[in-house]
Amino acid sequence: MKRFFSMLLAALLLFAFSAEAKVRLPRLISDGMVLQRDTELRFWGFADAGEEVHLTFGGREYITTADSEGRWLILADPLPACGPITMQINDIVLRDILVGDVWLCSGQSNMELQVYRVMDKFADEIRAYENPMIRHFKVPTIYDFNAVGEDYPSGSWEPCVQGKVMQFSALCYFFAKRMYETTGVPIGLMNISVGGSRVESWMSPEALEEFPTIASKLSLLRQEEYVKSVEANDRLRSRTWHAELNRRDEGLNKWHKADYDDSAWDEADLFDCRWARNDAYRPINGVMWLRRTFQSGEIDPAKPAVLRMGYMIDADSVFVNGTFVGTTSYQYPPRIYPLPAGVLREGENTIAVRLISQSGTSAVVHDKPYKVVQGDKEISLEGVWKHRRGAALYPLAGEAFFRWEPTALYHAMLAPSFNYAIKGALWYQGESNTGETYRYGALFENMIEEWRKEYRSPNLPVLTVQLPGYMVPDDNPEHPSGWGELRQVQFDAMKTIPNVATVVTLDCGEWNDIHPLEKKKIGDRLALAARALAYGEKVQWRGPEPQKATLKGKEIVINFTKEGLKPVDQAEVGWIAVAAADRRFVQAKARIERGRLCIESPVEEPAFVRYAWADNPEGASICNAEGLLCSTFEIAVE
């Protein structure tokens, strides 16, 4: 018996040693991954110090030993596009590996925006397409100001098939689809993006050294106790605010009911935001309840339907006939709430909305869908609604989004991917930096330089999306435009930084949504730019670009570069402004004749011309025969 227990103990110790010594791989190195073709590959991971690591892949075996800290790295020979194939690392077998082209996809929310959010515009196309040769890896949102990350807490390579594709980045999806049509090789999408992030979030402390006002934040941000205390205080403040709101809300647990008598409530058009303000026209924060009745009409209550409630500010909870059907905690996502069979009734139905305004002005944004939908049948919910305030409360101060601060995302989200070989990078960001255009160009250039170094690709193609139009169109040229200024900086980047492309998207925005649905057109334009920069194809991807502005009598004539091709002739061109040396811009009439922009100068001695220099230059239309638009620009008159 004693010998038996000795043998058992030895076996357990051996098992414990084996388990401890087992090789561990980062999440990027996993089943279903896409590897970059035609380049040296790096495989890395973790093990016990001194452990021998055997890798069998591509018909070859590689051997290395973990260093004193338990890290190991193997450099493997390039492979052509192929797959699916397998790989073995010690006792770990990885399957369904593809070799093709891998793209880093980074930026803020318009890069992160998922496929399901654009189904209103592209549902038929998305439902009809599957391609397991396209794979997507979404890095989870994490941040760190101190430690350089080595791995992710979650994440996996997912194929472009129904059931998985809805969580893909929509922009990545359309880009990859077009690139696969062009190259015929597997496409890997490494989606490392975070909504609201600033350019400096994606940069190291070293890359920020020449920006002292930004770098000065780091000493405070690196104090973990400070960060944790602020976050704890934010959570407490939010819980306290919402608890007090619920305590004060007269309508809570009452006004959502179908049989509640709302005959004494005030009435207003759904989009008339005066119900969200006091007599002095100042915003009132707290809870506003909205109610209305509607007839079922041709909708069959015995079948499921969908309630569309557009875009509301800030948070909502919605009830139909007293039944809770959905909630959204912040303003941006579309409200698409399923109505199971039996929620609707024959004849009259009641809808109630509990709308919470945390700060600013509450609103129901028009030019969005507000309706009940069942197949091809619809019931409009626009028009007059009843309203009553449930509670008024002090504004809730915004929380500290530390993930947007300098270096936070570089350390935690980018750094663990630096060993992974990539073909190029897509960048859709800038909304959060529109107030600081004076340094955006230098920040962007430093970021690209750093990325090229870290990914060991000195000429890494970087394809950036110029900001589309947003907010109510304003054609007063005297009004400043942070979005217009940033577009100019974005466009100038490809003139000063080698192997950078900026695709123009003035026609892809929505005045009332910072997350426009038109991601397909942008993906297609990025694919055109990729073919030129990353694959060396001779394709036209640039629109008309101003080359020279000359004063001829009282008319300013602008010629365009050959690379941008000549613009299509137009009898009238909008969004043109001219200024003298004092830079006070005045609207001007303009036309395009024989590929030249001809402007009637409204000022004596014109010195500058601007085009589409506005937050939302809706209808800006200078383009070439391929339909590629001219960018926002400012040019000096010679």
Side-chain angles (χ1 to χ4, degrees), residues 109-110 113 117-118 120-122 170-171 271 273 310-311 313 331-332 334 363-369 428 430-431 434-435 437 464-491 502-525 542-546 558 564 567-579 585-592 597 599 602 609-624 626-635:
S109 53
N110 274 301
L113 194 79
R117 292 275 295 272
V118 302
D120 276 356
K121 192 174 183 69
F122 302 107
L171 180 58
F271 307 125
C273 66
Y311 172 12
I313 305 172
Q331 63 178 333
Y332 293 118
V364 177
V365 179
H366 61 92
D367 285 350
K368 293 291 181 181
Y428 192 158
E431 297 94 333
T434 52
T437 53
T464 185
V465 179
Q466 192 184 57
L467 293 184
Y470 176 54
M471 295 177 281
V472 176
D474 178 2
D475 61 359
N476 187 334
E478 293 186 349
H479 291 172
S481 171
W483 285 57
E485 290 178 8
L486 191 74
R487 286 191 206 102
Q488 180 72 65
V489 174
Q490 290 175 317
F491 196 78
T502 302
V503 299
V504 179
T505 63
L506 290 176
D507 57 340
C508 298
E510 297 178 31
W511 75 266
N512 59 0
D513 201 335
I514 201 169
H515 303 124
L517 299 181
E518 183 51 86
K519 295 297 187 284
K520 179 178 180 179
K521 193 178 290 185
I522 300 176
D524 288 349
R525 290 175 186 169
R542 301 169 76 150
E545 299 172 23
I558 298 180
V568 176
D569 285 3
Q570 298 176 50
E572 186 175 339
V573 176
W575 298 100
I576 298 291
V578 177
F585 284 88
V586 181
Q587 284 183 338
K589 293 182 178 180
R591 67 192 185 281
I592 295 176
L597 181 61
I599 305 165
V609 175
R610 280 179 173 177
Y611 166 68
W613 198 279
D615 293 337
N616 184 13
E618 191 174 73
S621 57
I622 299 178
C623 65
N624 60 21
E626 286 78 13
L628 298 170
L629 292 177
C630 177
S631 169
T632 295
F633 68 76
E634 178 179 299
I635 189 170

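In this text the structure is predicted, and so the values were computed from the model without any measurement.
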Item to check | Worked check of salt bridge (Lys or Arg N to Asp or Glu O under 4.0 Å) between Arg591 and Glu572 | outcome: CA-CA 5 Å; Arg591 67 192 185 281; Glu572 186 175 339; over 6 Å; no

Next on the checklist: Please determine whether side-chain contact (heavy atoms from CB on, under 4.5 Å) holds for the pair Val365 and Ile313, giving the CA-CA distance in whole Å, both sets of side-chain angles, and the decisive distance to 0.1 Å.
Outcome noted: CA-CA 8 Å; Val365 179; Ile313 305 172; 4.2 Å; yes

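- Arg487 and Asp615 are not joined by a salt bridge, as no carboxylate oxygen comes within less than 4.0 angstrom of a charged side-chain nitrogen.
- In this structure, the side chain of Gln490 engages the main chain of Leu467 through a donor-acceptor pair within 3.5 Å.
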Next on the checklist: Go through it in stages, so that I can follow the logic: the residues are Phe491 and Phe633, the test is side-chain contact (heavy atoms from CB on, under 4.5 Å), and I'd like the CA-CA distance, side-chain angles, deciding distance and then a yes or no.
Outcome noted: CA-CA 9 Å; Phe491 196 78; Phe633 68 76; over 6 Å; no

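- The backbone N or O of Ile576 lies less than 3.5 Å from no partner atom in the side chain of Arg610, so there is not a single donor-acceptor pair.
- Here CD1 of Ile522 is found 5.0 Å from OG1 of Thr505. Values are rounded to the nearest 0.5 Å.
- At distances below 3.5 Å, at least one donor-acceptor pair connects side-chain atoms of Asn110 with backbone N or O atoms of Ile514.
- The closest donor-acceptor contact from the side chain of Gln331 to the backbone of Tyr311 lies at 3.5 Å or more, if one exists at all.
- Between the side chains of Ser631 and Gln466, at least one donor N or O sits under 3.5 Å from an acceptor N or O.
- When every heavy atom of Arg525 is checked against every heavy atom of Cys508, the shortest pair comes out as NH1-SG, 4.0 Å.
- Among all heavy-atom pairs drawn from Thr437 and Gly482, the shortest one is CG2-O, 3.7 Å.
- Using a 4.5 Å cut-off on side-chain heavy atoms (C-beta onward), Phe585 and Glu478 make no contact.
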Next on the checklist: Walk me through whether His366 and Trp511 qualify under ring pair (Phe, Tyr, Trp, His ring centres under 6.0 Å).
Outcome noted: CA-CA 10 Å; His366 61 92; Trp511 75 266; 5.0 Å; yes

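- Thr632 places a side-chain N or O within donor-acceptor distance of the main-chain N or O of Ala612, the cut-off being under 3.5 Å.
- Smallest separation of non-hydrogen atoms from Tyr611 and Cys630: CE2-O, 3.9 Å.
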Item to check | Verdict with reasoning, Leu628 to Val504, per side-chain contact (heavy atoms from CB on, under 4.5 Å) | outcome: CA-CA 8 Å; Leu628 298 170; Val504 179; over 6 Å; no

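- Ring-plane geometry between Tyr332 and His515 is classed as perpendicular, the angle between the planes exceeding 60 degrees on a 0 to 90 degree scale with a lower cut at 30.
- Note: Ile599 CD1 to Lys589 NZ = 14.0 Å, rounded to the nearest 0.5 Å.
- Residues Ile622 and Ile592 are in side-chain contact: their nearest non-hydrogen atoms beyond the backbone lie under 4.5 Å apart.
- A 4.5 Å side-chain heavy-atom check between Val465 and Leu171 finds at least one atom pair inside the cut-off.
- To the nearest 0.5 Å, atoms CD (Glu510) and CD (Glu618) are separated by 10.5 Å.
- The two residues Leu506 and Pro617 have their closest heavy-atom pair at CD2-CG, 3.8 Å.
- Lys519 places a side-chain N or O within 3.5 Å of a backbone atom of Pro516 that can act as its donor or acceptor partner.
- The main-chain N or O of Val472 is never found under 3.5 Å from a side-chain atom of Asn616 such that the two would form a donor-acceptor pair.
- Qualifying salt bridge (charged side-chain N to carboxylate O under 4.0 Å, His left out) partners for Glu485, counting only residues two or more places apart in sequence or in other chains: none.
- In terms of heavy atoms, Cys623 sits closest to Leu629 at CB-CD2, 3.8 Å.
- Judged purely by atom type and a 3.5 angstrom limit, Gln488 uses its side chain to pair as donor or acceptor with the backbone of Glu634.
- In this structure, CH2 on Trp575 lies 8.5 Å from CD on Gln587, to the nearest 0.5 angstrom.
- In terms of modelled atom types and a separation under 3.5 Å, the side chain of Ser481 and the main chain of Trp613 share no donor-acceptor contact.
- Considering only residues two or more places apart in sequence or on other chains, Asp513 meets the salt bridge (charged side-chain N to carboxylate O under 4.0 Å, His left out) condition with Lys368.
- Side-chain atoms of Asn624 come within 3.5 Å of backbone atoms of Arg542 as a donor-acceptor pair (strictly under, hydrogens ignored).
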